[in-house]
Protein chains: 2
Amino acid sequence: MKSSIPAATVARLPVYLRCLGDLFVSQGTCSSEELAAIAGVNSAQVRKDLSFLGSPGVRGVGYNVLDLSRELRVALGLTKGYSVAIIGIGNLGRALSNYKGFGDWGFEVAALFDADPDKVGTAVGEFSVESMDDLEQIVKERNVSIGIVTVPADAAQYVADRLVETGIRSILNFAPIVLQVSDNVSVRRVDLSTELPILTFLLQQSVE
Amino acid sequence: MKSSIPAATVARLPVYLRCLGDLFVSQGTCSSEELAAIAGVNSAQVRKDLSFLGSPGVRGVGYNVLDLSRELRVALGLTKGYSVAIIGIGNLGRALSNYKGFGDWGFEVAALFDADPDKVGTAVGEFSVESMDDLEQIVKERNVSIGIVTVPADAAQYVADRLVETGIRSILNFAPIVLQVSDNVSVRRVDLSTELPILTFLLQQSVE
DNA sequence: CGTTGTGAAGGTCTTCACAGCC
DNA sequence: GGCTGTGAAGACCTTCACAACG
């Protein structure tokens, strides 16, 4: 099935959801203008984006904060309790393992993996690091839907291939490399190293 | 001065630069087709993007890998040795402090800050954590150009305001909040918590 | 001959402006 | 009256297709 919600809109929906949570909850309602201000976008953008969810607003009044939050969670699939696995327990993998935000959004961390035998069996937060040898088995047993890749660049493609082979269709990639996957697999790249050069480009521009 | 390079292109240039580094260096030349394959984009896109740098290619041959790398570094401002400061030494801030990639791209980590008195003075990698009280002074002394914000969401806006007051015009924000800044300040947001919901949305779509 | 550089076409995304509705 | 929902306009971005050229 083809999504009828534009990609650019999908990328903003989680931002709206978080902004709603930040609003004082006793405030039952919220206008597109208010939401736009917090989310840092145009108010017409907010209205158009939200209109793809059906029509959750009331003219002359605004959007009901709780209703809209629920609709956003359903639309984004956050009510389904998807499980994630983190592969690569270096500095970043460890930081993510301790990240408390997963639960708030309905995600469960189901497993941590590392290739280093010295790390396997050690505790990280409330979890224990497992061996890459058991990747396939554990991913299937625990019904992992999303792989978070935090291995070094030169191992990332190999890890991604193994994840895809076990049936995973969603990857969040922190390794500084563009993963090559078949087009039934979704990859989001979070790439620190490309962000700083964008800022320095803009810095230069403002001076010249 | 207004940039003549489109924003979408600027965001891809660092990716190209890294891909060139990954190419076997003895390979003196590289076609738009090859680069496009590694970077995961269309080859016409590559040619159009690179044409904004002048015309660094040779028809019938391709692009000289070293020349193009140098041109990209200059265009992105990576030859200017900008300094960064990391504010907020939690799990993520610590992971970034140990990140080796900064130097490769010409960045220098000039200071680490935290508001917690217990952390001030402790060593993280080769650095020592400094007090937020000294933020203004140290940022000016060490000529910091970019602030990397890794504090909790509820402190992020306050920290950003202080950075801007000291004259910083570029912020890389890891806090899950949209920072409100005047429009002479550039902010790039790296937001883990919005990435997972985008993946689950796509997961759902492929099933329905 | 092979590959770049680029006008033109075709999409997608954003913003405006106002009709529609509570 | 006030705010949403949305057609239409406009800006931006991507892709095609081929002329230009080493």
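Note that the structure is predicted; figures quoted are calculated from it, not measured. Throughout, a chain's letter reflects where its sequence line sits, starting with A, and its residues are numbered from 1.
- Using a 4.0 Å cut-off, some side-chain N or O of A:Ser32 falls inside it from OP1 or OP2 of D:dT4.
- Where B:Val58 and A:Thr9 each meet DNA chain C at their nearest nucleotide, the meeting point lying more 5' is that of B:Val58.
- There is no side-chain donor-acceptor pair under 3.5 Å between B:Tyr99 and A:Asn91.
- Residues A:Thr200 and B:Phe107 meet the side-chain proximity criterion, which asks for heavy atoms closer than 4.5 Å.
- A side-chain donor-acceptor contact under 3.5 Å links A:Arg47 and A:Ser32.
- Atoms CG (A:Leu50) and P (C:dT15) sit 15 Å apart, rounded to a whole Å.
- No side-chain donor from either of B:Thr29 and B:Asn64 sits under 3.5 Å from a side-chain acceptor of the other.
- Rounded to whole Å, atom C1' of D:dT4 lies 15 Å from atom CZ of A:Phe52.
- Going from atom CD1 of B:Ile5 over to atom P of D:dT14 covers 14 Å, rounded to whole Å.
- Judged purely by distance below 3.5 Å, without hydrogens or angles, the side chains of A:Ser83 and A:Arg142 never pair a donor atom with an acceptor atom.
- Applying the 4.0 Å criterion to OP1 and OP2 of D:dC18, one finds that B:Arg59 has every side-chain N and O outside that range.
- No N or O donor and acceptor, one from the side chain of A:Lys48 and one from the base of C:dT14, sit under 3.5 Å apart.
- At C:dT14, one or more side-chain N or O atoms of A:Arg12 fall inside 4.0 Å of OP1 or OP2 (strictly under the cut-off).
- Between D:dC3 and A:Ser31, no contact under 4.0 Å exists linking OP1 or OP2 to a side-chain N or O.
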Original post:
Where do B:Arg169 and A:Ser206 land on the side-chain hydrogen bond (donor to acceptor under 3.5 Å, both in side chains) test, with the steps shown first?
Top reply: CA-CA 9 Å; B:Arg169 292 289 166 269; A:Ser206 62; over 6 Å; no
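- When the nucleotides C:dT14, C:dT4, D:dT14 are ranked by their closest atom to the side chain of B:Tyr63, C:dT4 comes out on top.
- Closest-nucleotide positions on DNA chain C for A:Gly60 and A:Asp49 were compared, and the one nearer the 5' end corresponds to A:Asp49.
- Within a heavy-atom distance below 4.0 Å of DNA chain C, no residue of residues 33-45 of chain B is found.
- Summarising the geometry, atom NZ belonging to B:Lys140 is positioned 10.0 Å from atom CG belonging to B:Leu135; distances are rounded to the nearest 0.5 Å.
- Following rounding to the nearest Å, B:Arg47 (CZ) and D:dA19 (P) show an atom-to-atom distance of 15 Å.
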